[in-house]
Amino acid sequence: WAVLVAGALMGAGDVIAQQLVEQRGLHGHHCPRTLKMMGIGFCFVGPVVGSWYRILDWLIPGNTKVVAVKKVILDQGGFAPCFLGCFLAVTGATNGLSVQENWSKIQQDYLDALVTNYCIWPPVQIANFYFVPLQHRLAVVQCVAIVWNCYLSWKANRM
């Protein structure tokens with residue numbers, strides 16, 4: 001279920017990026033890009049983030065305020081920087097970039113994306129870890145992530 005939600009919402013984020021941010025219009029919409037973003041959601045984002053939440057809950061069990069803060073520190077201090085770099089690398093590879101082009105694009109986009117991540121995700125994750133049961137966390141994140149996915153799609157596909 002979580003993998004399907006992640007794929008669908010990655011696709012939705014790309015559609016929003018292409019239509020509202022890039023203003024491509026329906027005739028200019030690049031459907032293969034949307035399908036690639038959905039594939040990344042199905043095959044990478046959903047499984048990795050879903051597994052991470054299970055690992056995080058195993059490492060730091062409970063749902064008190066202190067536990068939520070510890071989870072956010074581990075999530076945003078360890079997981080988010082690694083995940084974001086991997087996401088940009090996977091997206092670059094699916095866009096056909098060479099290793100050198102991909103590395104250059106990651107260097108260009110990573111810091112800005114990480115700073116933007118830190119503006120959005122810590123408050124969302126504190127609420128998520130404190131109020132939401134484990135089995136629903138990925139879905140909550142992906143619902144909030146519709147805007148984040150739009151940003152990531154725009155950032156990762158900007159050449």
Side-chain angles (χ1 to χ4, degrees), residues 2-3 5-24 28-30 32-57 59-60 68-130 132 137-159:
V3 170
V5 170
L9 291 175
M10 285 299 296
D14 181 69
V15 169
I16 293 167
Q18 289 193 53
Q19 296 305 313
L20 296 180
V21 177
E22 299 167 28
Q23 299 182 348
R24 290 175 172 256
H29 190 87
H30 192 240
R33 175 177 137 180
T34 300
L35 292 173
K36 279 189 238 177
M37 293 305 291
M38 288 177 74
I40 291 169
F42 290 136
C43 299
F44 177 70
V45 175
V48 170
V49 174
S51 297
W52 168 244
Y53 287 147
R54 284 189 295 281
I55 290 167
L56 193 56
D57 210 51
L59 288 172
I60 308 170
V69 169
K70 287 179 183 179
K71 286 180 179 180
V72 169
I73 289 169
L74 194 53
D75 180 62
Q76 293 298 303
F79 178 76
C82 297
F83 176 80
L84 187 55
C86 291
F87 175 85
L88 292 171
V90 166
T91 305
T94 62
N95 283 335
L97 298 181
S98 70
V99 172
Q100 290 172 325
E101 291 168 331
N102 205 358
W103 177 242
S104 180
K105 178 127 178 66
I106 291 166
Q107 288 177 311
Q108 172 188 324
D109 293 343
Y110 180 78
L111 187 57
D112 182 49
L114 188 61
V115 169
T116 303
N117 169 83
Y118 288 144
C119 292
I120 295 171
W121 286 111
V124 170
Q125 290 294 58
I126 285 177
N128 197 27
F129 293 136
Y130 185 61
V132 180
R137 286 184 190 150
L138 180 60
V140 168
V141 164
Q142 288 300 335
C143 288
V144 173
I146 196 85
V147 172
W148 177 244
N149 293 343
C150 174
Y151 169 79
L152 282 182
S153 180
W154 168 78
K155 184 67 117 173
N157 288 289
R158 201 171 41 112
M159 298 296 165

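Side-chain contact check for Phe87 versus Val48: every heavy-atom pair is 4.5 Å or farther apart. Counting heavy atoms from C-beta on, the side chains of Leu152 and Leu84 come closer than 4.5 Å. Contact annotation: the side chain of Ile120 never approaches that of Val147 to less than 4.5 Å [non-hydrogen atoms, C-beta and beyond]. Inter-residue side-chain proximity for Gln125 and Lys71 is flagged as unmet; no heavy-atom pair is nearer than 4.5 Å. Leu9 is not listed as a side-chain neighbour of Trp148, based on a closest heavy-atom distance of 4.5 Å or more. Val21 is not listed as a side-chain neighbour of Tyr151, based on a closest heavy-atom distance of 4.5 Å or more. With a 4.5 Å cut-off on side-chain heavy atoms, Arg158 and Asp109 count as touching. Side-chain contact check for Arg24 versus Arg33: some heavy-atom pair is nearer than 4.5 Å.
Between Phe79 and Phe83, the ring planes lie parallel to each other; the angle is under 30°, not in the 30° to 60° tilted range. Ring geometry for Tyr53 against Phe129 counts as perpendicular: the plane angle is over 60°, on a 0 to 90° scale with 30° as the lower cut.
Of all non-hydrogen atoms in Ala80 and Asn117, the two that sit nearest each other are CB-ND2, 3.9 Å. Across all non-hydrogen atoms, the minimal contact from Leu20 to Gln23 is O-CG, 3.5 Å. Between Leu88 and Ile106 the shortest heavy-atom distance is CB-CG1, 4.0 Å. Heavy atoms only, all atoms of each residue included: Ala12 and Ile146 are closest at CB-CD1, 3.4 Å. Closest non-hydrogen pair, Cys86 versus Phe44, comes out as CB-CZ, 3.7 Å. The heavy-atom pair separating Gly41 from Pro47 by the smallest distance is O-CD, 4.0 Å.
One finds the CZ atom of Arg137 at 4.5 Å from the CG atom of Asp57 (value rounded to the nearest 0.5 Å). One distance of note links NZ of Lys36 with CE of Met10; it measures 13.0 Å at 0.5 Å rounding. The distance from atom CG of Asp75 to atom NZ of Lys70, rounded to the nearest 0.5 Å, is 15.5 Å. The OG1 atom of Thr91 sits 3.5 Å away from the CD1 atom of Ile40 when rounded to the nearest 0.5 Å. The NE2 atom of His29 lies 9.5 Å from the CD atom of Glu22; values are rounded to the nearest 0.5 Å. Separation of atoms OH (Tyr118) and CD (Gln76) is listed at 6.0 Å; rounding is to 0.5 Å.
Judged by distance alone, with hydrogens and angles left aside, the side-chain atoms of Ser153 form no donor-acceptor pair with the main-chain N or O of Asn149 at under 3.5 Å. Panel note: side chain Asn102, backbone Leu97; no donor-acceptor pair is recorded below 3.5 Å.
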For this session: Applying side-chain contact (heavy atoms from CB on, under 4.5 Å), run through Met37 and Asn157 and close with a yes or a no.
Result: CA-CA 10 Å; Met37 293 305 291; Asn157 288 289; 3.7 Å; yes
Exercise. Under the side-chain contact (heavy atoms from CB on, under 4.5 Å) criterion, do Val144 and Trp121 qualify, and how do the steps go?
Worked result: CA-CA 9 Å; Val144 173; Trp121 286 111; 4.0 Å; yes
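Annotation for Gln100: atom CD does not count as buried by contact number, only 12 or fewer foreign heavy atoms lying within 6.0 Å.
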